Structure formats: structure tokens, C-alpha cells
Amino acid sequence: MTDHASSGQTDRGLECSPQTSAYRALMARIDRAARQAGRLGADIRLLAVSKGQPAAAIEALCRLGQRDFGESYLQEALPKIARFGDKGLVWHFIGPMQTNKCRDIAAHFDWIHSLDRAAHADRLDRRRPAHLPPLQVCLQVKLSLEPRKSGVDPDQLLTLARHVDGLPRLRLRGLMAIPEASQDPAVQRAAYARLMALFCALRAAGHDLDTLSMGMSDDLEAAILEGSTLIRVGRALFGGREIG
């Protein structure tokens, strides 16, 4: 009797929690944007960017059915991955790639969205444990001239895609980009339209791609209108950072 009452109190607390409200509001935004694009909201994968967030925030979203989580900092991410090892979560590395990170990314993550050079691809391929399925890969494309932005130049994208496709422990799934920030929906859409054009060109060249990782808290509507299949959302779900 006590256990049942306790469970009911937990469910009611979850029902009215800020995390639940934020999640439902975000899913409503996704559905509205999808309808505007003539698509289904269920066809757009939500990646909850949990970097800087405590384990309790991840647990709250797990209870709501969220399974994909994105992290950028290995020192922060690895304890979280270990803690939720029995929850069936899918972990995505979305931070800048560095050579000294390749071993841990290959061993502990399911996806990487920020691969932009062949040398890192080779190292990830060598370090991916044989008992795990291939590491799912999105190539990060540089869409703007901002000097601090990572990504492969569009004119080098086909060469890199061919290289990654030839590595047995990696599976090329699609493209990712972080365009220059803008509040103008037309500018947002134009950037994502360029990524979609590159995606279509790779498919036409014979690459079996299915993922466009584009769109964040401030521009997810523009990304969905231009064909995004996966949006990466942190602030609209969690608010500001709590760790670091």
C-alpha cells in the first residue's frame, strides 16, 4: 500500500514538473513545425543536449520516454554514461573532435556528430571495440566563414564521405552543421537549405544517408522546414547549465 501511494505521488510530481512542461512544449513546437512542412513530428528525432546538466535532469527526461542524449565534454559525460548504463539510452558525442578523445568516444558513445577529418575517422575506426556495433557517424560541415567553427569544407565533403564509408567500424549516417547564429528565419532556412543540398548530392553519389542533424533551440522550426531529421536541443529543455 505504501509503495503504491509513493508511486502515485511520484507520478503526480512528474506530471507538473518544470521538466515535463518544457518537454511537452518542445514536442508541441516540433509537431507544429512538422505540420507546416507537411511532415510528421514522429519522423523527427529529438536529441536532448544534456551537457552541463546533472543526472537528475537526465532521469526526469528518461521517465518521459526520452532516449537520445548529447554530450560534448568527456570528463563530464563518461560518469553519466556509466550511471545510466542499464536504461537503454543512446549517447551522442556532439563536441569538437580532438585526437586524444578518439579512444573514449569510440568505446563509450553510439553516435558522433562532429567528425570532420579523415585522421580522426581512422583513429575512431581502430579504437571501436569489436563487440560493439559500428559507430554511427555524421560529418560536420562548415557552412560559414567564422574562424572558430569546426567542420569540413563543402568542397572536401565528398572525399571525406568516401573515406568514412570505407571504414568497417564506422557507419556514415548523414551530415551535421552549426550555422552562424541569426534571428532571421529566412537566413536560418538558407543555411539549412545548403546543408540539405549537400546531403542530396552525397546521396546522388551513392552514399546511403538518412540523417540530417540540424536545428537547435532557437532555429529548430527553420531546420525542420528544410528537412532536418534530428534536432539537438538543450536550453529549451533544461534551461541554463548547472555543471561547469
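Computed from a prediction, not measured in an experiment: that's the story for all the values here.
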Donor-acceptor under 3.5 Å (Arg169 side chain, Leu132 main chain): yes

Review point. If we only count heavy atoms from C-beta on, is the Leu198 to Leu175 side-chain gap below 4.5 Å?
Key: yes

- Message: Any side-chain to backbone donor/acceptor pair from Arg232 onto Ser213? Under 3.5 Å, distance only.
- Response: yes

So do Arg67 and Lys87 actually touch side chain to side chain, heavy atoms under 4.5 Å? no

Any side-chain heavy atom of Cys102 sitting closer than 4.5 Å to one from Leu124?
-> yes

The reported gap from CG in Leu160 to CG in Leu115 (rounded to nearest 0.5 angstrom) is 6.0 Å

ask   = Is there a side-chain contact between Phe109 and Glu71, using heavy atoms and a 4.5 Å cut-off?
value = yes

Verify same cluster id: Trp91, Leu237 (apolar side-chain graph, 4.5 Å)
yes

Under 3.5 Å, side chain of Ser114 to main-chain N/O of Pro96, donor-acceptor pair present?
no

Rounded to the nearest 0.5 Å, the NE2 atom of His113 sits from the CG atom of Leu47 at a distance of 5.5 Å

Query raised in the report: So, do Leu170 and Pro134 sit near enough that their side-chain heavy atoms are less than 4.5 Å apart?
Result: no

Practice prompt. Examine the side chains of Arg45 and Thr229 and answer whether a donor and an acceptor come within less than 3.5 Å of each other.
Written response: no

Is it the case that more than 12 heavy atoms not belonging to Gln36 sit under 6.0 Å from its CD atom? no

Rounded to the nearest 0.5 Å, the CG atom of Leu89 sits from the CG atom of Asp110 at a distance of 9.0 Å

* To do: Taking the side chain as every heavy atom from C-beta outward, state whether Arg173 and Val137 have any pair of such atoms under 4.5 Å apart.
  => no

Taking atom CZ as the centre, does Arg103 end up with more than 12 heavy-atom neighbours from other residues, nucleotides or ligands that are less than 6.0 angstrom away? no

Exercise for the section: Please confirm whether the backbone N or O of Ser182 pairs with a side-chain atom of Glu180, one donor and one acceptor, at under 3.5 Å? Expected result: no

#### Entry: Check: Pro54 main-chain N/O paired with Glu76 side-chain donor or acceptor under 3.5 Å
no

Heavy-atom closest pair (Ala121 atom, His163 atom, distance to 0.1 Å) is CB-CD2, 4.4 Å

Please state whether the rings of His92 and Trp111 are parallel, tilted or perpendicular, taking 30° and 60° as the class boundaries. parallel

CE of Met97 to OG1 of Thr99, rounded to nearest 0.5 Å, is 7.0 Å

- Message: Donor-acceptor check, side chain of Asp184 to backbone of Ala186, threshold 3.5 angstrom: yes or no?
- Response: yes

In the single-linkage hydrophobic clustering (I, L, V, M, F, W, Y; side-chain heavy atoms under 4.5 Å), do Ile231 and Tyr23 co-cluster? yes

- Counting N and O atoms only, with roles assigned by atom type, does the side chain of Arg39 sit under 3.5 Å from a partner on the main chain of Ile224, one being a donor and the other an acceptor? yes

Next on the checklist: Is it true that His207 and Asp165 share a donor-acceptor pair across their side chains at a distance under 3.5 Å?
Outcome noted: yes

Original post:
So, does Ser50 use its side chain to make a donor-acceptor pair with the main chain of Ile58 at under 3.5 Å?
Top reply: no

query: Do you reckon Leu230 sits in the same ILVMFWY cluster as Leu143, going by side-chain contacts under 4.5 Å, direct or chained?
result: no

Requested in this report: For Lys51 and Gly234, indicate whether the former's side chain and the latter's backbone hold a donor-acceptor pair under 3.5 Å.
Outcome: no

